Amino acid sequence: MHEFPPDFIFDQNFRPNIAELESLRNWQCEDPSSLHKVLKQLLEQYRRREVNLLETYSRLQFEYSSLLHLTPEQDVEVALNHKVEPERPSLLPDPTPSGLLLNTALPHCRKFAVWFAIHGIICVVPNWQDNPGKDSALLLVLFHNPEANGITPRLMLSPRVENAFAGHSSHRIPHFAPGECLIDYVPKICDLLKDRLKHVVESFEKRKEFVSAFLSHFGRSVVEYDAESFFFIVLLFEWRDFYFILHITLTHQFPAVKPIFTFQSIYHTNKQGEPYTHTYSEYPFSPRWSGNEMAERTWYSTFFIFTHTPSGFS
């Protein structure tokens, strides 16, 4: 850590009040979090500045004020596009003495961001390596003009949440209807996230129960299995002195989508020199069965089909 505080370069659109930057004025070079504290104070000043600019636009100010009844102020961010294209003159008057123009002709020029904390995902995806921070979702709402004639919502998920929601149409969100307000729309997103999280947890618990049943019934035959997310289990079986490997694969949609059973020969290869395999997905199955019943009935059904049809290994 340097003895002197860092230098910051700002453009004409943002001039922070240095007197309010306590961590910068009283720089503590021995404190490793000093820079982080300065950046937090700078971001807070910038956030307040963007919020103050909303006072010029009644609809945007109403949207922001109403959001504060639903979520803490620190979880709502506002960003206004301050760029002006030469060929597209601004349609709005200059709101500040510094000559700041808000160009309504520019797309995505006003943004509301609402953060949602996601709890419980770590139990479902315990060691997702590419997760840089807290599990969260960000609702980004783009107002194409101050009158809110064009609004585009977008839901962005942190990596571990994205991975856990895979297969659940994680980016499909409700349409923002004409005349609708954020105070009505944000609860829909909250309910959507809660519902998806519920399905993710239920699928995880059902996969765990299913794999555990196979471990209980065929523990000595297990080659490997997914001990964290329970998406697969591999077993080695013998039938009439013939040995083969069984791969059982589960998806994020389990138990709505049945498991895939792939039988692999340890003797035969195909024309490409790869182990010969045969996959079964058509067999009796009900998502309402218990994990133990699923394991027993699916195993005996597929094994019977495999050993009593010409499509099996010969």
Side-chain angles (χ1 to χ4, degrees), residues 1-57 60-61 63-65 67-84 95-103 106-119 121-122 125 127-143 152-163 182 186 189-190 193:
M1 184 69 68
H2 294 289
E3 179 180 355
F4 299 101
D7 294 327
F8 293 91
I9 301 175
F10 303 96
D11 61 23
Q12 61 180 356
N13 291 322
F14 177 54
R15 298 291 184 181
N17 186 347
I18 303 300
E20 294 183 2
L21 299 176
E22 185 68 24
S23 297
L24 185 63
R25 292 192 303 108
N26 299 316
W27 179 257
Q28 303 292 330
C29 61
E30 68 280 359
D31 184 1
S33 64
S34 294
L35 181 59
H36 178 255
K37 293 176 180 178
V38 174
L39 292 176
K40 285 185 63 177
Q41 292 173 4
L42 279 171
L43 288 172
E44 177 58 24
Q45 280 200 34
Y46 187 81
R47 189 192 67 80
R48 293 202 309 265
R49 173 186 176 279
E50 296 292 287
V51 171
N52 291 336
L53 289 174
L54 291 179
E55 297 177 358
T56 310
Y57 314 107
L60 299 181
Q61 179 62 43
E63 295 285 5
Y64 176 77
S65 301
L67 272 181
L68 299 186
H69 295 289
L70 297 175
T71 187
E73 184 177 8
Q74 63 268 22
D75 288 344
V76 181
E77 296 183 9
V78 180
L80 284 78
N81 193 336
H82 308 302
K83 296 179 180 179
V84 179
T96 66
S98 63
L100 171 65
L101 297 177
L102 305 180
N103 191 345
L106 288 175
H108 310 334
C109 60
R110 290 147 188 89
K111 305 176 183 179
F112 283 71
V114 184
W115 291 95
F116 302 92
I118 306 292
H119 303 288
I121 288 294
I122 192 171
V125 192
N127 292 317
W128 185 245
Q129 298 177 350
D130 298 326
N131 198 62
K134 296 180 179 179
D135 299 322
S136 61
L138 171 67
L139 175 64
L140 183 64
V141 184
L142 310 176
F143 288 78
T152 304
R154 181 185 176 190
L155 185 63
M156 294 181 287
L157 309 174
S158 61
R160 181 156 46 200
V161 178
E162 177 86 31
N163 183 59
L182 286 176
V186 169
I189 301 299
C190 289
L193 291 172

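Everything numeric here is computed off the predicted structure, so don't read it as measured data. Sequential numbering from 1 along the given sequence is applied to the chain's residues.
- Scored by the side-chain contact (heavy atoms from CB on, under 4.5 Å) test, V38 finds F8, S23, L24, W27, L42 as partners (sequence neighbours excluded).
- With sequence neighbours excluded, no residue satisfies side-chain hydrogen bond (donor to acceptor under 3.5 Å, both in side chains) with D7.
- The CG atom of L35 sits 13.0 Å away from the SG atom of C29 when rounded to the nearest 0.5 Å.
- With sequence neighbours excluded, no residue satisfies side-chain hydrogen bond (donor to acceptor under 3.5 Å, both in side chains) with K40.
- Residues L54 and E63 are not in side-chain contact: their nearest non-hydrogen atoms beyond the backbone lie 4.5 Å or more apart.
- Panel note: side chain E50, backbone E77; no donor-acceptor pair is recorded below 3.5 Å.
- Put simply, CD on Q41 and CD1 on I18 are 10.5 Å apart, with the number rounded to the nearest 0.5 Å.
- If you take CG on L182 and OG1 on T71, they are separated by 11.5 Å, rounding to the nearest 0.5 Å.
- Taking CG of L139 as the start and CG of D75 as the end, the distance is 12.0 Å to the nearest 0.5 Å.
- For R47, the side-chain contact (heavy atoms from CB on, under 4.5 Å) partners are E44, V51, Y64, E73, not counting sequence neighbours.
- In this view, R154 satisfies the side-chain hydrogen bond (donor to acceptor under 3.5 Å, both in side chains) rule with no residue, not counting sequence neighbours.
- Partners of R25 under the side-chain hydrogen bond (donor to acceptor under 3.5 Å, both in side chains) rule, at least two apart in sequence or in another chain, are E22.
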Query - Test log, rule side-chain contact (heavy atoms from CB on, under 4.5 Å), inputs L193 and L155 - result: CA-CA 10 Å; L193 291 172; L155 185 63; 4.0 Å; yes
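- Closest approach of F14 and R49 over heavy atoms only: CD1-CD, 3.5 Å.
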